[in-house]
S.K.: 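Following this message is one structure expressed as structure tokens.
Quick note: residue numbers are just sequence positions, from 1. What you are looking at is a predicted structure, and each value in this text was computed from that prediction instead of being measured. In each ligand, atom 1 is the first atom listed, and ligand 1 is the first ligand listed.
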Amino acid sequence: MTALPVTPDFKDTPYWWEASPLRDAAPEPLPEQADAVVVGTGFTGLSAALTLARRGTSTVVLDAEAPGFGASTRNSGMTAFLLPTKASALVSRFGEERGGAMQRAAVEAHDGLAELIADEGIACHFARCGRFVGAETPAHYERMAHELDLMARLAGVQGEMVPREAQGREIGSTHYHGGMLLTQAGALHPGLYHRGLLERAEAAGAQVHGHAPVLSVSRQGGGFRVQTARGAIAAETVIVATNGYTGPESPWLRRRIVPVGASVTVSEPVEPGLLESVLPTGRAMTDSKINIYSARRSPDGTRLQFAAARGLLMRDPRRKAAEVHRVLAAVFPQAAHLRIAFCWTGQMGFAFDRQPHIGARDGVRHAMGYCGSGVSMATWLGRKAALQSLSDPAGATPFDGLPFPTRPFYRGRPWFLPAAVRYYNWLDRRDRARAA
Ligand SMILES: Cc1cc2nc3c(=O)[nH]c(=O)nc-3n(C[C@H](O)[C@H](O)[C@H](O)COP(=O)(O)OP(=O)(O)OC[C@H]3O[C@@H](n4cnc5c(N)ncnc54)[C@H](O)[C@@H]3O)c2cc1C
């Protein structure tokens, strides 16, 4: 049996938790009453809490696990203004006015993230390093060029197409057929960004409680009763911010969100010159497949981060690391000798219509459905959900009022996911084979 390409001190927890461990303090008693309860302590929940607390609303934020346990401290830390639905599809589905407004909202969300980090002084290595999006086939390259033109026209997105002959300046790989360069895209350290947001929300007066799973939310008088495993809280406002971790406490939302697992790997420290060979400009990289690959330098510039094989939650992290390593070696042969030091998984929340959703059901507010692209959108929609709960017109978004679809027989357990992932992988392989 060949040895797995992992380091002896391999960890299956996020690399981000090294610099920013989850806070696991002993649980404190919960209050019996608050103006607002936010369920979920990721970017959505904390952004909502920060907004509410700054407006003088007494706010309690609850998590079933330690604060930040979900995707917000498990993601790849790449930031941009790409919605899960492409600009052309937004325009054909919603028309140019509303589709364009959605694309502009994504740009506004990303600009807002940059402003928040700067204004709050959150040290999280945020930089607008840019992103190279590799084209898996020549046809994808043509489609990307069209999308870039459209995003530039609708929302002022800045970028350029890089033909295959010139892509070596952006990426040390011959895998792609050129690609799209998004110069304003960025990257950050998700653990440090999350901690910064948590500290700002608490400093503003919000109470953040881990290990307080919400079991149900029901009407009580003119407000709500939030039943947790550690007691009940009466609140005027409830915002559910559980995205890919939504459970039986929110049956209506659970029927609308598909939890999709994704794994990220980080290598052992690399030798001098390797990162410059893999990602010469220091930009982040993703690609045009359905089941995308992504790569970036670690924020301290010592390791290579690589992600592939979205879809299923991992059973054996070492084997998942080996699976991702095979892809890494195929795309970047010069990095094939690297061993994987970290491989972890998180759950993304997909909506069936591939749209982010914000709204209220029976008075309980929600913001979720970022489909794997939520660092800036979760921050933005969390804030918007809070403003909407305060009846502030600044809370309006072009996503308001979208129907939130489900599917017959779907109750929150994605039994169809293994087959769907196999089908999407087959489509990716077919496209590539046709282009060969
Ligand atoms: C592996 C991976 C890589 C990603 N990479 C990127 C990327 O590079 N760029 C990007 O923009 N996006 C990326 N994303 C997506 C992004 O991380 C998410 O969209 C975003 O973090 C969602 O934030 P959230 O606050 O809505 O949810 P989460 O951060 O998932 O928080 C939800 C929280 O709800 C809690 N919860 C659930 N049920 C209950 C309950 N009953 N009671 C109390 N608490 C509860 C959970 O414990 C969890 O902490 C990635 C996601 C994953 C998983």
Side-chain angles (χ1 to χ4, degrees), residues 14 16 22 37-49 60-84 106 109-110 113 131 185-188 190 193-194 197-198 208-217 226-230 238-250 253-254 257 259-265 284-286 292 294-296 305 307-311 313-314 320 324 343-351 356-358 366-382 385:
W16 315 122
L22 293 190
V37 168
V38 179
V39 188
T41 58
F43 299 146
T44 307
L46 292 179
S47 173
V60 174
V61 199
L62 304 172
D63 206 287
E65 307 284 343
F69 175 83
S72 295
T73 66
R74 295 168 183 268
N75 60 73
S76 297
M78 299 182 187
T79 68
F81 26 77
L82 299 173
L83 287 163
H110 191 249
L113 175 77
R131 183 188 300 189
L188 50 66
Y193 172 52
H194 181 270
L197 214 46
L198 175 63
V208 181
H209 294 270
H211 304 291
V214 170
L215 305 177
S216 64
V217 179
V226 180
Q227 182 65 51
T228 82
R230 293 205 277 123
V238 177
I239 299 177
V240 179
T242 47
N243 200 37
Y245 293 79
T246 302
E249 74 289 347
S250 307
L253 290 169
R254 200 182 185 205
I257 288 288
V260 176
S263 303
V264 182
T265 66
M285 182 223 100
T286 55
I292 62 169
S294 69
R296 60 175 284 198
Q305 176 187 308
R310 279 171 165 201
L313 287 175
M314 68 180 159
K320 180 59 92 175
V324 176
C343 177
W344 70 91
T345 301
Q347 289 176 204
M348 308 178 291
F350 273 68
H357 284 271
I358 179 168
H366 59 262
M368 55 182 65
Y370 312 114
C371 308
S373 193
V375 174
S376 52
M377 190 48 81
T379 305
W380 194 72
L381 279 192

S.K.: Start with the C-alpha gap between His110 and Trp380, add the side-chain angles, then the distance that decides, and say whether side chain to side chain contact (heavy atoms under 4.5 Å, CB included) holds.
M.R.: CA-CA 8 Å; His110 191 249; Trp380 194 72; over 6 Å; no

S.K.: Taking the side chain from Asp63 and the backbone from Pro213, do they hold a donor-acceptor pair closer than 3.5 Å?
M.R.: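 Not a single qualifying donor-acceptor pair exists.
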
S.K.: Just go through Thr286, Thr345, Thr242 and tell me whose heavy atom is the nearest to atom 45 (C) of ligand 1.
M.R.: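 Heavy atom nearest to atom 45 (C) of ligand 1 belongs to Thr242.
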
S.K.: Considering only heavy atoms of Glu249, which atoms of ligand 1 have at least one such atom less than 4.0 Å away?
M.R.: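 The list of qualifying atoms is 38 (N), 41 (N).
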
S.K.: Would you check whether Ala71 has a nitrogen or oxygen atom less than 3.5 angstrom from a nitrogen or oxygen atom of ligand 1?
M.R.: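 Yes, at least one N or O pair falls under 3.5 Å.
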
S.K.: List the closest protein heavy-atom neighbour of atom 52 (C) of ligand 1: residue, atom name, distance to the nearest 0.1 Å.
M.R.: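 Closest protein heavy atom to atom 52 (C) of ligand 1: Met348 CG, 3.6 Å.
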
S.K.: Can you find a non-hydrogen atom of Leu62 under 4.0 Å from ligand 1?
M.R.: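 Yes; Leu62 lies near enough to ligand 1 that a heavy-atom distance drops under 4.0 Å.
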
S.K.: Donor-acceptor pair, distance only, cut-off 3.5 Å: does the side chain of Thr41 make one with the backbone of Gly68?
M.R.: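 Present.
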
S.K.: With atoms numbered from 1 as shown, which atoms in ligand 1 lie under 4.0 angstrom from a non-hydrogen atom of Ala262?
M.R.: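 Near Ala262, the atoms of ligand 1 are 1 (C).
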
S.K.: When you compare ligand 1 with Gly374, is there at least one nitrogen or oxygen pair between them that comes in under 3.5 angstrom?
M.R.: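 Gly374 vs ligand 1: N/O contact under 3.5 Å present.
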
S.K.: Need the ligand 1 atom indices (1-based, order shown) with element for anything under 4.0 Å from a heavy-atom of Met78.
M.R.: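 Numbered from 1, ligand 1 contributes 7 (C), 8 (O), 9 (N), 10 (C), 11 (O).
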
S.K.: How does Asn243 reach ligand 1, if at all, at less than 4.0 Å between non-hydrogen atoms: by side chain, backbone, both, or neither?
M.R.: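 Asn243 to ligand 1: side-chain contact only, backbone stays beyond 4.0 Å.
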
S.K.: Can you see which heavy atom on Phe350 is nearest to which on Gly372, and at what distance?
M.R.: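 Looking at all heavy atoms of both residues, the shortest contact is CE1-N, 4.1 Å.
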
S.K.: Should Thr79 be counted as touching ligand 1, given the test is an N or O pair under 3.5 Å?
M.R.: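 No - when backbone and side-chain N and O of Thr79 are compared with those of ligand 1, no distance drops under 3.5 Å.
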
S.K.: Answer yes or no: does an N/O atom from Ala378 fall short of 3.5 Å to an N/O atom of ligand 1?
M.R.: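 Such a contact does not occur with ligand 1.
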
S.K.: Could you find the nearest protein heavy atom to atom 13 (C) of ligand 1 and give me its residue, atom name and distance?
M.R.: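 Checked against all protein heavy atoms, atom 13 (C) of ligand 1 sits closest to Gly372 O, 3.2 Å.
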
S.K.: Please work out whether any backbone atom (N, CA, C, O) or any side-chain heavy atom from C-beta onward of Met368 is under 4.0 Å from ligand 1, and answer side chain, backbone, both or neither.
M.R.: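 For Met368, there is no contact with ligand 1 at all, from either part.
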
S.K.: List the atom of Pro356, the atom of Leu83, and the distance in Å for their closest heavy-atom pair.
M.R.: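 That would be CG-CD2, 4.2 Å.
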
S.K.: Tell me which part of Tyr245 gets within contact of ligand 1: side chain, backbone, both or neither, using heavy atoms under 4.0 Å.
M.R.: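 Both of them.
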
S.K.: Would you mind running through ligand 1 and noting each atom that sits below 4.0 Å from a heavy atom of Ser373?
M.R.: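 Atoms satisfying the 4.0 Å criterion: 10 (C), 11 (O), 12 (N).
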
S.K.: Name the closest protein heavy atom to atom 21 (O) of ligand 1, giving the residue it belongs to and the distance to 0.1 Å.
M.R.: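 It is Ser72 OG, 3.0 Å.
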
S.K.: Under a 3.5 Å distance rule, please check whether Ser76 uses its side chain to pair with a backbone N or O of Met78 as donor and acceptor.
M.R.: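 Checking the backbone N and O of Met78 against the side chain of Ser76, no donor-acceptor pair under 3.5 Å is found.
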
S.K.: Backbone N or O of Ala262 within a donor-acceptor pair of the Arg74 side chain at under 3.5 Å?
M.R.: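 Not a single qualifying donor-acceptor pair exists.
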
S.K.: Kindly identify the option in Asn75, Leu46, Thr246, Thr228 whose heavy atom sits closest to atom 50 (C) of ligand 1.
M.R.: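 Of the listed residues, Asn75 has the closest heavy atom.
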
S.K.: Which residue owns the protein heavy atom closest to atom 40 (C) of ligand 1, what's the atom, and how far is it?
M.R.: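 So the nearest neighbour among protein heavy atoms is Val214 N, 3.7 Å.
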
S.K.: Give the residue, atom name and distance (to 0.1 Å) of the protein heavy atom nearest atom 5 (N) of ligand 1.
M.R.: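 So the nearest neighbour among protein heavy atoms is Ser76 N, 3.0 Å.
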
S.K.: Which residues pass the side-chain hydrogen bond (donor to acceptor under 3.5 Å, both in side chains) test with Thr246, sequence neighbours left out?
M.R.: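 Residues passing side-chain hydrogen bond (donor to acceptor under 3.5 Å, both in side chains) with Thr246: Thr242.
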
S.K.: Would you call Pro213 a ligand 1 contact, heavy-atom distance under 4.0 Å?
M.R.: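 Under 4.0 Å: yes for Pro213.
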
S.K.: So is there a nitrogen or oxygen of Gly70 less than 3.5 Å from a nitrogen or oxygen in ligand 1?
M.R.: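 Yes.
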
S.K.: Which atoms from ligand 1 have a heavy atom of Phe43 less than 4.0 Å away?
M.R.: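 Taking each heavy atom of Phe43 in turn, ligand 1 has 21 (O), 25 (O) under 4.0 Å.
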
S.K.: Residue-level breakdown please: for Gln347 versus ligand 1, do any non-hydrogen atoms fall below 4.0 Å on the side chain, on the backbone, on both, or on neither?
M.R.: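 Only the backbone of Gln347 comes within reach of ligand 1.
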
S.K.: If hydrogens are left out, which of Val240, Leu82, Asp63, Val61 has an atom nearest to atom 46 (C) of ligand 1, that is, the closest non-hydrogen atom?
M.R.: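 Among Val240, Leu82, Asp63, Val61, the closest heavy atom to atom 46 (C) of ligand 1 belongs to Asp63.
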
S.K.: Does Ser250 approach ligand 1 within less than 4.0 angstrom via side chain, backbone, both or neither, non-hydrogen atoms only?
M.R.: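 The answer is neither.
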
S.K.: Please state whether Gly77 comes within less than 4.0 angstrom of ligand 1, counting heavy atoms only.
M.R.: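 Yes; Gly77 lies near enough to ligand 1 that a heavy-atom distance drops under 4.0 Å.
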
S.K.: Need the ligand 1 atom indices (1-based, order shown) with element for anything under 4.0 Å from a heavy-atom of Arg74.
M.R.: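 With Arg74 as reference, the close atoms of ligand 1 come out as 1 (C), 2 (C).
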
S.K.: Any atoms of ligand 1 less than 4.0 Å from a non-hydrogen atom of Ala241? List them with their elements.
M.R.: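 Once the distances to Ala241 are compared, the set is 32 (C), 34 (O).
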
S.K.: If you take the nearest heavy atom of each of Pro259, Ala64, Ala66, which one is closest to atom 43 (C) of ligand 1?
M.R.: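 Answer by nearest heavy atom: Ala64.
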
S.K.: Considering only heavy atoms of Val264, which atoms of ligand 1 have at least one such atom less than 4.0 Å away?
M.R.: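 What qualifies from ligand 1 is 1 (C).
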
S.K.: If you measure every N/O of Ser376 against every N/O of ligand 1, is any gap under 3.5 Å?
M.R.: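 Such a contact does not occur with ligand 1.
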
